[in-house]
Peer 1: 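I am attaching a structure below and will ask some questions about it afterwards.
So you know, we letter chains A, B, ... as the sequences are listed, proteins then strands, and number each from 1.
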Number of protein chains: 2
Amino acid sequence: MLHIVPDIDTSEALTERQKAVLDAALRLLVEEGDQLTMTAVARRASCSKETLYKWFGDRDGLLTATVQWQASKVRVAQVDGKGLDLASLTASLERFASDWLQVISSDTSIALNRVAVGHAGSGKDNLGAVVLENGRFALARRLKPVLEAGRQAGLLDFADAETAFRTFFGLVARDVQIRLLLGDRLELTEAAIGGDAARATQQFLALHGAKTGPQGL
Amino acid sequence: MLHIVPDIDTSEALTERQKAVLDAALRLLVEEGDQLTMTAVARRASCSKETLYKWFGDRDGLLTATVQWQASKVRVAQVDGKGLDLASLTASLERFASDWLQVISSDTSIALNRVAVGHAGSGKDNLGAVVLENGRFALARRLKPVLEAGRQAGLLDFADAETAFRTFFGLVARDVQIRLLLGDRLELTEAAIGGDAARATQQFLALHGAKTGPQGL
DNA sequence: GACGCGCCGTACCGTACGTTACGGTTCGGC
DNA sequence: GCCGAACCGTAACGTACGGTACGGCGCGTC
C-alpha cells in the first residue's frame, strides 16, 4: 500500500566519500547558511580544497551537488488507489499533509530553501528549480493520482486536479513556510502537525468531497 | 468605507534626498538581488559612499532602511465593519485577496523577500522580522476585524480568528509566493488574480460561512 | 567675498574568500 | 620494494567589496 520510489536518480556515480563530503557541506549549510566557505567545508569534511574543486568544479557546483544530494533523499510517501474508501483516502491525505509539514519545517529544508531563494535572485544556477522540482512539484506528482483515484471512486469532486492540489497545498502549508524562511520562530510539534494535517484534510474534504445526497449549486 | 493608515511611522526624519537614495537602492535590489554593492548604490543614486555610510551606518543599515522604506509604502486596504452584509463582506475579502496576490507577485516584494530570507539565515539583522511584520502580520491585523465583524453579523462562523485568517491566507496564497521566490516563472495577470481572489473567497465562505438553515456538524 | 558645511567623486586600505599550487602521505598494483 | 594515482593540509595569489580619507564644489551665512 505504500512504497518509496526515487523521482530522478540524482545519486549518479557518487562515491561514499563524496556523499560524506556533501553531507558535511549540508550540515554546514544548515548551521551557517549561504556564507559557508570552501575552507570550512574542506575542514569539516576532512578533505582538501583541491579535492572539492576537482569533484565539484567550483563553489556553485558544490552547492548544487549538495542541494541535489539532499533533494534526492527527500521522498514523499507514494500511495496507490486500490480499494479506496473514504477512510483510506482521508488517511492518505492526512499522511501527505503531515509529511509535507514535517519536511518544510525541518532545519534542512529551511536552510536549503533559503539558499535556493537567495540564488534564484541572481540567476547563476538553478538551485531554485531543483528545490521546486523535488519539493512542490514532486508532491503534486505524488498526490494527484490519489486525488484522481478519489474522484474515480466517487469520493471527491473537482474539475481540475492541479487546482485541487493547489487548494490542498494552501490549506496544509498556509503561512508556515514563508514564516519559517523569514526567521519566525514557529515550533511545530508532532502533535501540532498531526492536528494541522487533520484540519487541512477535513477542510479539503469539505470543499471537494463528493456530495452524497442530492444537492444544488 | 475604505481608508489608508500607516502601521508604524518608519518614515521618521527621512529627507527627500534620503528617500530618493533609498528608492535607488530599492531599484537596484530588484535588479540585482542581494549582491548589490555600496559602490553601485552610490553610483545609481548619484551620491558618495561617504554619505551612504554617514546616513545609514553600514551596508546592513542601508539594507534595513531600504526594506523599511518600501515596507512603509505597502498598505493593505482597511475596511470597517459597518453595515456589513454578505455582499460587502465578500467584496472585502476578495479585495484583500486580490491586493495580497498583487503584492506578493510584484517584483519589489519578491526582491525584498529574497533578501530578507537570505539574511534570516545568518541572524545579523532582523530584515525577516521587518518583512513579516509589514506583510503577513499587517495583513492579519487588517483582516481580523473584518472577520470578527462578519461573525458578529452572523455571516461567518469560526472559533478562532487567527486560525480562520490562516485558512484564508492559505487559500489565497497557496504555492504562489514560494514558487515566485524560488524563481518559478508564474505570470499573474490582473484577470488571474481576480479569479483566484474570487475562488479563495468562495472557498473560505464555504468553510466558514454561517449556515443559514438548521445544520449538524 | 570669505567662511564653513554638506555633499560628490574618487582614490585608497584591509580583509575575506574563491581559486590555484605544491609538498607530503596513503594505498593499490606489479 | 617501487610507482603512480588519489588525496590531505596548507600556503599563496587575485580580486571583489566594505569601509575610510581627502580634495573640490555649491551654497547659505555673516
Peer 1: Only one of A:T66, A:T37, A:V41 forms a side chain to side chain contact (heavy atoms under 4.5 Å, CB included) with A:L28, so which one is it?
Peer 2: A:V41
Peer 1: Considering only heavy atoms of chain A and a distance under 4.0 Å, specify the first and last nucleotide of DNA chain C in 5' to 3' order that meet this criterion.
Peer 2: C:dC17 to C:dC22
Peer 1: Evaluate the side-chain contact (heavy atoms from CB on, under 4.5 Å) criterion for residues A:L63 and A:H119: first the C-alpha distance (whole Å), next the side-chain angles of each, then the deciding distance (0.1 Å), finally the verdict.
Peer 2: CA-CA 10 Å; A:L63 239 39; A:H119 280 234; 3.5 Å; yes
Peer 1: Run the numbers on A:E133 and A:R141 for salt bridge (Lys or Arg N to Asp or Glu O under 4.0 Å), then give the verdict.
Peer 2: CA-CA 10 Å; A:E133 196 53 45; A:R141 282 194 296 278; 2.8 Å; yes
Peer 1: Do any of residues 21-39 of chain B sit with a heavy atom less than 4.0 Å from DNA chain C, and if so which?
Peer 2: none
Peer 1: Once you round it to whole Å, what is the distance between P of D:dG9 and CD of A:E50?
Peer 2: 13 Å
Peer 1: List the steps and the verdict of side-chain contact (heavy atoms from CB on, under 4.5 Å) for B:L181 and B:R114.
Peer 2: CA-CA 6 Å; B:L181 288 182; B:R114 286 210 178 114; 3.9 Å; yes
Peer 1: CG of A:D107: more than 12 outside heavy atoms within 6.0 angstrom?
Peer 2: no
Peer 1: Examine the side chains of A:S106 and A:S109 and answer whether a donor and an acceptor come within less than 3.5 Å of each other.
Peer 2: no
Peer 1: Using whole Å, report how far CZ of A:R17 lies from C1' of D:dC7.
Peer 2: 9 Å
Peer 1: Tell me the interatomic distance from A:Y53, atom OH, to D:dA12, atom C1', rounded to whole angstroms.
Peer 2: 14 Å
Peer 1: Spell out yes or no: do the side chain of B:K49 and the base of D:dG19 have one donor N/O and one acceptor N/O closer than 3.5 Å?
Peer 2: yes
Peer 1: What is the distance, rounded to the nearest whole Å, between atom NZ of B:K54 and atom C1' of D:dA21?
Peer 2: 13 Å
Peer 1: Tell me, do A:V67 and A:N134 make a side-chain contact under 4.5 Å, heavy atoms counted?
Peer 2: no
Peer 1: Could you give the distance from CG (B:L127) to CG (B:D34), rounded to the nearest 0.5 Å?
Peer 2: 8.5 Å
Peer 1: Rounding to an integer number of Å, can you tell me how far A:Q18 CD sits from D:dC8 P?
Peer 2: 11 Å
